[in-house]
Amino acid sequence: MKIKQAKEYYSLGILTGFDAVRDPLKPGNWMLVVIGEEGRSWTLATATGEVKSFAKLDTLVGEVESIAGHIGSLHISI
């Protein structure tokens, strides 16, 4: 899912959350998984359609804020 579509889905109330997941192809990096209604999920993609990978969680959180506005907390599960 590209960021423009994620913003649109957020404004329509279709998104229910976001998950930060370790990128298996780039050790140490993170992928942003966008969670939607009915258990659907998508990884955030670059403009070329590749999975977007983040070296720092701060950058990933910034991307979430660009989609959903200010976020109040971050939950990490193990």
Side-chain angles (χ1 to χ4, degrees):
M1 169 181 287
K2 295 182 182 166
I3 194 159
K4 182 178 179 180
Q5 185 178 19
K7 288 178 180 181
E8 180 182 340
Y9 279 20
Y10 180 78
S11 69
L12 294 172
I14 295 171
L15 301 186
T16 60
F18 301 91
D19 285 337
V21 179
R22 287 284 188 181
D23 188 336
L25 301 178
K26 296 181 182 176
N29 282 18
W30 297 86
M31 301 179 306
L32 179 60
V33 178
V34 180
I35 309 299
E37 295 177 331
E38 300 177 12
R40 295 204 51 184
S41 64
W42 306 267
T43 53
L44 194 64
T46 64
T48 60
E50 297 178 35
V51 173
K52 193 164 189 177
S53 187
F54 300 87
K56 297 183 180 185
L57 279 176
D58 282 346
T59 309
L60 183 141
V61 169
E63 197 80 336
V64 171
E65 288 179 331
S66 76
I67 296 168
H70 178 73
I71 59 171
S73 66
L74 176 65
H75 173 82
I76 297 174
S77 60
I78 300 173

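These values consider heavy atoms only, across backbone and side chains, with no hydrogens, waters or symmetry-generated copies.
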Name all residues meeting the side-chain hydrogen bond (donor to acceptor under 3.5 Å, both in side chains) criterion together with Thr46; count only those two or more places apart in sequence or in a different chain, and write none if there are none.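 Expected list: Thr48.
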By the salt bridge (Lys or Arg N to Asp or Glu O under 4.0 Å) test, which pairs, at least two apart or in different chains, include something from residues 6-21? none
Can you hop from Phe54 to Val21 via hydrophobic side chains spaced under 4.5 Å?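 No; Val21 is not reachable from Phe54 via cluster members.
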When hydrophobic residues are tied together by side-chain contacts of less than 4.5 Å, even through go-betweens, does Phe18 share a cluster with Leu57?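 Result: yes, single cluster for both.
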Could you tell me which residues satisfy ring-ring contact (aromatic ring centres under 6.0 Å, His included) with Tyr10, sequence neighbours excluded, listed by chain and number?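 Applying ring-ring contact (aromatic ring centres under 6.0 Å, His included) to Tyr10 gives none.
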Would you give me the side-chain donor-acceptor pairs under 3.5 Å for residues 59-69, sequence neighbours excluded?
unit_1 : atom_1 : unit_2 : atom_2 : d
Glu63  : OE2    : Lys52  : NZ     : 2.7
Ser66  : OG     : Glu63  : O      : 2.7

Contacts table for residues 25-45: side-chain donor-acceptor under 3.5 angstrom, sequence neighbours left out:
unit_1 : atom_1 : unit_2 : atom_2 : d
Asn29  : ND2    : Ser53  : OG     : 3.1

